[in-house]
Q: 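Take this structure, written in structure tokens, and hold onto it; I'll ask about it next.
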Amino acid sequence: MVKFIVRRLGMGLLVALTVSLATFLVLNLAADPAAMVAGEDASPEAIEQIRVQYGFDRPLYVRYGEWIGKLFLGDLGESYYWKRPVLDLFIERAPVTLKLALSSLSITIVVGLLLGVLAAQKPNGWLDRIALSLGTAAQAVPNFWLGLMMIILLGVMFPIFPVSGDTTWKHFVMPAFVLGMSAVPQVLRLTRAGMIEVLGSDYIRTARAKGFGPGRILFQHALRNALLPVVSVIAIQLGYKLGGSVITESVFALNGLGRLAYESILGADIPTVQMLVFMFALIFILLTVAGDVLNAWLDPRMRVE
Amino acid sequence: MGFKTNFLTAVLIGTVCSPALAGKSDDTLVVAFNKEVTTLDGLYSTARENVILSHLVSDQLVVLDPDTNEYLPALAESYSNVDERTVEFVLRDDIKFHDGSPVTAEDIVFSFEWVVDDRSKTKRGAFIRSWFESAEAVDDRTVRVTSKTPYPLMLRDTAMFVKTRKAGSYGDATQLDINAQTQSLNGTGPYRVVSFDAGAGITLERFDGYYANSPKEAGAAKIVIRPIPEWGTVSAEMISGGVQFAYTVPDDTAENLGTLPMVDHHPGPTTRIAFLILDARGMTDPEGPMTNLLVRRAMNHAINREAIVEYLIGGSSVVINSLCYDGMFGCHLDVTSYEYDPEKAKALLAEAGYADGFEFDLWAYRDKQISEAVAADLAKVGIKANINFVKLSAFAKARAAEETPAMHGTWGYYATPDIGAISNHFVAGSNRNLNHDPEVQSLFQAALETIDPAERQDLYAKALKISADNAYHVPLYRFTENYVAGTDVDFAPPADGLPRLNELTWK
């Protein structure tokens, strides 16, 4: 198991570095970073000055090599725009994204699992149809629209929650709901499909024959097995959410990683973009490994494999 | 009931229920910025947000009055020309930095020398270095600034690009820290920074030690700047009273908000203009159609600029006939203009040997709908414009590589109502100049080295006339700026499109 985890993490690091190299090349080849840093009305002299000052005139392999060298010393560089170490920016903005990710994921899990289990009780019954309709609706509604509608309803018409910002827990209610709902359909459908399959299996029939109550059968015997694919999806969803939701963070003016990514990409702030891509890749890999470990814990057969 | 009426009703219900978060009651003006202010130090950002912030937290020797186009003494109580290259500034005796220390001649000299110092890496360093020769303290309160050659925009650069910093603000010679003022700024303006968190915003409060009789008196006791990237959210905040002012608001959003009882929409002018630059010199193709004067004139006649202004821009936008506008110093209006006349355009094209039209790449990086309108008008006379809509950085790369047969350009003039501020579109050696007309180049260069206003006017008049006769550009329009403010906020749009938040007061 340890060997498996170490190998997966090593692969993950390589993937993260490859992604960072691709990002670096795309950002540098598609545009002129010196012109971007200099600004819209900059003179050619100013652009040239910045090219030399920031070292954009050096070959790409030298600059990337320097980045890698510093990375291993724990230095991820300094932002061209924020004029600060990019790691500081990450540390400063990660808590907002983390809060949003965890709260929205909780909503996804609770609503998705509950609706999935209820729907699977009687496939094609009225409860199933309602749950699936809700899931389809949640999938069809774009985040920004739902966000703005919630703002109008609960921020302006009935001002229960603040419209935007991230200073109190109240600020997270609407964005967490919006982001959480977007992932509900996936969890709902997987849970439903898994539960329908498991509920039809022999061991459940045996459990019923033994006279176990429906609650015990559903949650103790069936759900545990039906959860296996859901766990992987939830790990991936957490990865997405920790990468920051540009739209949700923008609509609710949350000072998180999604917005940082958006602003730094628009401004061709290469050190910040590279740091974010690298960190997001690492987070994703870690979560995938964590999902595998959790699955192994849930299903002893996987441990043997 | 239409959507707007329903929305209005909903909003009114909400207004009754909603508590006032900030505003007139506690003398706190909350302003929404569409983008983050990434650093407090205006020397290291040219973004508009920083220009607006710097006006509040940093006073310079002089300040531009946008209504009269005059430079008013600010930290300086007076200034005078010693000779054609030297201006002498006499400082006030009651000016202080936000840390309470007095502003001295030594600080002013340091401020100039820091901007041009190679090691400082300031954004306008290269620009100031091109004319700056020296800054010298004559005594504790007198400073003389000298340019290499006579330079008419010295006051402009002093007012906008040389931020006043306390000597030693960036460390000493042995250990420089160019980011020293990034997170906490020791400024000189009517407001001081209380807190700064790039993503969350900035809180400013009136600076008690600010000098009396300043041309930049403070307004609200507190100003809170919040970055809100989504205009729908800004609208909701405006309606619920969470924000009292926003600028650069998209036209439709501003107009819709203006119909609500709690928001006023203020369209106003700006110094930014839009135009097409045509490769008249033939850098992309020595035999290309743009090298033909008749073709360039045809393109000018083909584009319906009045319709673009009326239906796509709106507000206070107007059509321009040169790369400048009425009211700007040096903008000579009596030049050849090209009225919208597609038939004439077709005739000119036929005369030039392009009766069947031609195809070219039009490079653009903003206002795509305008590029599309231009392309649609050109198509009506047989010219096919392939719009190459790219990010600014890619646009700049193509421009530097001289790969652009035509560019849809804009110029903000650094909010300076002086045609000298667009010289880089006319002088030699600039990649924004695609005609390389030696006469125009030398006239603009001469004007850049002339102090006498009448002489400068004359030089610009000649240059603009030649430029218009040769149709080197297709001048399009002057931009409009949309502001929205709470109805309890007293605000008048400034002539240069740069909102001075200290001038906002409560009704």
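Per chain, numbering begins at 1; letters A, B, ... match sequence-line order.
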Q: Can you name the closest pair of heavy atoms from Pro227(B) and Ala253(A) and give their distance?
A: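 Smallest interatomic distance, heavy atoms only, reads O-CB, 3.9 Å.
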Q: Regarding Lys241(A) and Thr108(A), do their side chains bring together a donor and an acceptor under 3.5 Å, going by distance alone?
A: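 The answer is yes; a qualifying pair exists.
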Q: Enumerate by number any residue of residues 86-95 of chain A whose heavy atoms lie under 4.5 Å from heavy atoms of chain B; in the absence of such residues, state 'none'.
A: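 Within residues 86-95 of chain A, the residues under 4.5 Å from chain B are Glu92(A), Arg93(A).
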Q: Sort out for me which of Val390(B), Val234(B), Asp197(B) touches chain A most, counting heavy-atom pairs under 4.5 Å.
A: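 Between Val390(B), Val234(B), Asp197(B), the count favours Asp197(B).
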Q: So, do Phe132(B) and Phe161(B) have ring centers that fall under 6.0 Å from each other?
A: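 Judged by ring-centre distance (under 6.0 Å), Phe132(B) and Phe161(B) do not meet the cut-off.
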Q: Between Asn431(B) and chain A, which part of the residue has a heavy atom less than 4.5 Å away: side chain, backbone, both or neither?
A: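 Backbone plus side chain of Asn431(B), per the 4.5 Å heavy-atom cut-off to chain A.
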Q: What residue among Asp177(B), Asp41(B), Asp117(B) forms side chain to side chain donor-acceptor pair (under 3.5 Å) with Tyr170(B)?
A: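 Result: among Asp177(B), Asp41(B), Asp117(B), Asp41(B) is the only option passing the side chain to side chain donor-acceptor pair (under 3.5 Å) with Tyr170(B).
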Q: Nearest heavy-atom pair of Trp131(B) and Asp157(B): which atoms, and what distance?
A: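 Taking every non-hydrogen atom into account, NE1-OD2, 2.7 Å.
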Q: Heavy-atom cut-off 4.5 Å, strictly under: side chain, backbone, both or neither for Thr182(B) against chain A?
A: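 Only the side chain of Thr182(B) comes within 4.5 Å of chain A.
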Q: Among Lys35(B), Arg226(B), Arg129(B), Lys391(B), single out the residue with the greatest number of heavy-atom pairs under 4.5 Å to chain A.
A: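 Heavy-atom pair counts peak at Arg226(B).
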Q: Relative to the ring of Phe395(B), is the ring of Tyr365(B) parallel (under 30°), tilted (30 to 60°) or perpendicular (over 60°)?
A: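 Tyr365(B) vs Phe395(B) ring planes: tilted.
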Q: Using 0.5 Å steps for rounding, measure from the OH atom of Tyr44(B) to the OG1 atom of Thr39(B).
A: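 Nearest 0.5 Å value for the OH-OG1 distance: 9.0 Å.
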Q: Identify the residues of residues 53-73 of chain A whose heavy atoms come closer than 4.5 Å to a heavy atom of chain B, ordered by number, or report 'none'.
A: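 The stretch touches chain B at Gln53(A).
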Q: Against chain B, work out which of Gly256(A), Gly165(A), Ser164(A) has the most heavy-atom pairs shorter than 4.5 Å and name it.
A: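 Highest number of heavy-atom pairs under 4.5 Å: Ser164(A).
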Q: Can you tell which of Ala396(B), Gly429(B), Ala236(B) has the highest number of heavy-atom pairs within less than 4.5 Å of chain A?
A: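 The answer is Ala236(B).
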Q: Under a plain distance cut-off of 3.5 Å, with no hydrogens placed, do Asp269(A) and Thr272(A) share a side-chain donor-acceptor pair?
A: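 Yes, side-chain donor-acceptor contact under 3.5 Å.
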Q: What residues of residues 75-82 of chain A make heavy-atom contacts with chain B at a cutoff under 4.5 angstrom?
A: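 Expected list: Glu78(A), Tyr81(A), Trp82(A).
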Q: Which atoms of Gln183(B) are under 4.5 Å from chain A, going by heavy atoms: the side chain, the backbone, both sets, or neither?
A: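 Only the side chain of Gln183(B) comes within 4.5 Å of chain A.
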Q: Which is it for Thr253(B) and Ser235(B) under the side-chain contact (heavy atoms from CB on, under 4.5 Å) test, yes or no, and what are the steps along the way?
A: CA-CA 8 Å; Thr253(B) 306; Ser235(B) 302; 3.4 Å; yes
Q: Set out, in order, the CA-CA distance, both residues' side-chain angles and the distance that settles side-chain contact (heavy atoms from CB on, under 4.5 Å) for Tyr414(B) and Val51(B), then state yes or no.
A: CA-CA 9 Å; Tyr414(B) 308 121; Val51(B) 178; over 6 Å; no
Q: Examine whether an atom of Thr122(B) lies under 4.5 Å from a heavy atom of chain A, and if so say whether it belongs to the side chain, the backbone or both; otherwise answer neither.
A: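 Looking at Thr122(B), just its backbone touches chain A.
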Q: What residue in Glu230(B), Lys123(B), Lys121(B) has the most heavy-atom pairs under 4.5 Å with chain A?
A: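 Counting heavy-atom pairs under 4.5 Å, the top option is Lys121(B).
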Q: If you compare all heavy atoms of Thr416(B) against all heavy atoms of Arg156(B), which two are closest, and at what distance to 0.1 Å?
A: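 That closest heavy-atom pairing would be OG1-NH1, 2.9 Å.
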Q: Is a side-chain N or O of Ser45(B) found less than 3.5 angstrom from the main chain of Gly42(B), in a donor-acceptor match?
A: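 Flag not set: sc Ser45(B) to bb Gly42(B) has no pair under 3.5 Å.
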Q: Go through the steps for Leu434(B) and Met407(B) under the test side-chain contact (heavy atoms from CB on, under 4.5 Å), then give the verdict.
A: CA-CA 10 Å; Leu434(B) 299 189; Met407(B) 292 187 272; 3.7 Å; yes
Q: What verdict does the side-chain contact (heavy atoms from CB on, under 4.5 Å) test give for Tyr262(A) and Glu249(A), after you've listed the backbone C-alpha separation in whole Å, the side-chain angles of each residue and the deciding distance to 0.1 Å?
A: CA-CA 10 Å; Tyr262(A) 178 69; Glu249(A) 288 183 7; over 6 Å; no
Q: Which pairs of donor and acceptor atoms, one on a side chain in residues 144-163 of chain A, lie under 3.5 Å apart (sequence neighbours left out)?
A:
none

Q: Do Val273(A) and Phe24(A) come within less than 4.5 Å of each other through their side chains, counting heavy atoms only?
A: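 They are not in side-chain contact.
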Q: Once rounded to the nearest 0.5 Å, what's the spacing between atom CH2 of Trp363(B) and atom NE2 of His408(B)?
A: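 Result: 15.0 Å between the selected atoms.
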